[in-house]
Amino acid sequence: MTSDRLLSSPSQTVGPFLSIGMTWSDGEQVVPEGSPDACWIHGRLLDGVGEPVPDGVVETWQADQNGEFAHAQSRLGSGSGSFGGFGRSLSGPDGQYGVRTVKPGSVSDGAGGLQAPHLDVSVFARGLLHRVVMRIYFGDEEQANATDPVLSALPDDAARSTLIAAVDGDGGYALDIRLQGAHETVFFTV
Amino acid sequence: MSKPGTALPQYRHDPDDTHPALLSPDYRSTRLRAPLRTPVDLPQRLTEVTGPVLGDGLVQPEDADLTRGYAGEPAGQRIIVSGRLLDGNGNSIPQSLVEIWQANAAGRYRHDRDNWPAPLDPNFDGMGRTLTDGDGRYSFTTVKPGAYPWKNHHNAWRPAHIHFSVFGRSFTQRLVTQMYFPDDPLFGQDPIFNAAPAAARERMISTFSLEGTRPDWALAFTFDIVLRGSDPTPFEEGDS
Ligand SMILES: [Fe+3]
């Protein structure tokens, strides 16, 4: 029924004043303070010459610790519990972003195997006419990362390293997002 | 978690003439911010075809009326902006978060870094939120935003617009766009509007609606937003 199909609305930039519409009081808190196993995932959003991007948004979407999604269509996820799985962090003056969350469990790869723990990430900013999409993996999941189908499909370790957050020594994970340049983050089309 | 082997919905990719190119040099800020490497195709698995349930505690009914919440009425032309949130199959997307932000009637944003000499409006903050209803409909009451200058090129002006952020049902459908007004004389010189492929630009322009006006109160514009549709799966058939 191709003739019934509607054409998608085009994307536009969030512009420089996105904080007016996109600020949530607890946007960075995927889990509340004091939750068991809570950790911060953080880093900087950087442009093509390594300058911070202070007017961006990093949104994260992930499964819970059991690998289940709190999804609207319950048959695709657990649809229950207090874990929402969604985070939103507006970048600060030095490009800093961060969400407090828990490391997700492994998620089915749809072919009988598992994907390594990961977050799906959307990045918006002034100067980005469309969101860019990446994933965040975890540096202390070496075994799971080694067999992850998405990481395995990347050409080399340099590419993989742009998606793997390092243990930060403070119970959290750190990963800079580089929109452009020699160490440009691997971005995806979904 | 879905059962192993359960077919997941697969969202169709948009045709090439849908979205702006990330590197659109006439919009100067794209030059150092647009990724330059070819993006990698990410197959749609569970993470991509699921999405958050947003709204509880985030949206109050009064958030859809930007003319309320202060001591007085904001200056400017009062308007009602309404429409439907749809997917590419023509299905409405109910109970889904819609966020908007905009300049005031003079073209000034209530933001630290907007300091061009147009007046702030003490009765207007330019922020609105709502959830679509059971038929995917939304409605905001606001004032028509003014055009505003920016530094992109000599004598650059943004056409009047309202920023829209929508989620749909899945990570794949997430979209931020801008709604424009009919017949704006500033379209021709705006590199952000024109970054969208020519055939797609009109889909960002709202329609004046005489039926939607409220007599002795407000003009009205309609603006439907279409997110990517998914191909039917056996999975979806019994899921309603
Ligand atoms: Fe704007």
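Small disclaimer: the values here were computed from a predicted structure and weren't measured.
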Q: Answer with side chain, backbone, both or neither: which region of B:R28 has an atom nearer than 4.5 Å to a non-hydrogen atom of chain A?
A: neither
**Q.** Contact class of B:E48 relative to chain A, heavy atoms under 4.5 angstrom
**A.** both
Q.
Are there residues of residues 125-152 of chain A whose heavy atoms fall under 4.5 Å of chain B's heavy atoms? If so, which?
A. A:A125, A:R126, A:G127, A:L128, A:L129, A:H130, A:R131, A:V132, A:V133, A:R135, A:P149, A:V150
Q: Over all heavy atoms of both residues, which pair between B:R129 and A:T23 is shortest? Give the atoms and the distance, please.
A: NH2-O, 2.7 Å
Q) Heavy-atom distance under 4.5 Å to chain B: side chain of A:P54, backbone, both or neither? A) both
Q | Segment of A:V121 engaging chain B (4.5 angstrom heavy-atom cut-off) | A | backbone
Q) Between A:E184 and B:R33, is the closest basic N to carboxylate O distance under 4.0 Å? A) no
Q. Checking side-chain hydrogen bond (donor to acceptor under 3.5 Å, both in side chains) for the pair A:S19/B:H111: CA distance, chi angles, key distance, verdict?
A. CA-CA 8 Å; A:S19 64; B:H111 191 286; 3.2 Å; yes
Q. With only heavy atoms counted, which part of A:F187 is less than 4.5 Å from chain B, the side chain, the backbone, both or neither?
A. both
Q) What closest approach, in Å, do B:D231 and A:R5 show between heavy atoms, and which atom pair accounts for it? A) OD1-NH2, 3.6 Å
**Q.** Donor-acceptor contact present, side-chain A:W61 to main-chain B:T47, <3.5 Å
**A.** yes
Q.
Just to verify, which of B:D14, B:T177, B:T18 counts as forming a side-chain hydrogen bond (donor to acceptor under 3.5 Å, both in side chains) with A:S8?
A. B:D14
Q.
Between A:S9 and B:M204, is there a side-chain heavy-atom distance shorter than 4.5 Å?
A. no
Q | Under 4.5 Å from any heavy atom of chain B - which part of A:E59 | A | side chain
Q. By a 4.5 Å heavy-atom criterion (distance strictly below it), what part of A:L46 contacts chain B: side chain, backbone, both, or neither?
A. neither
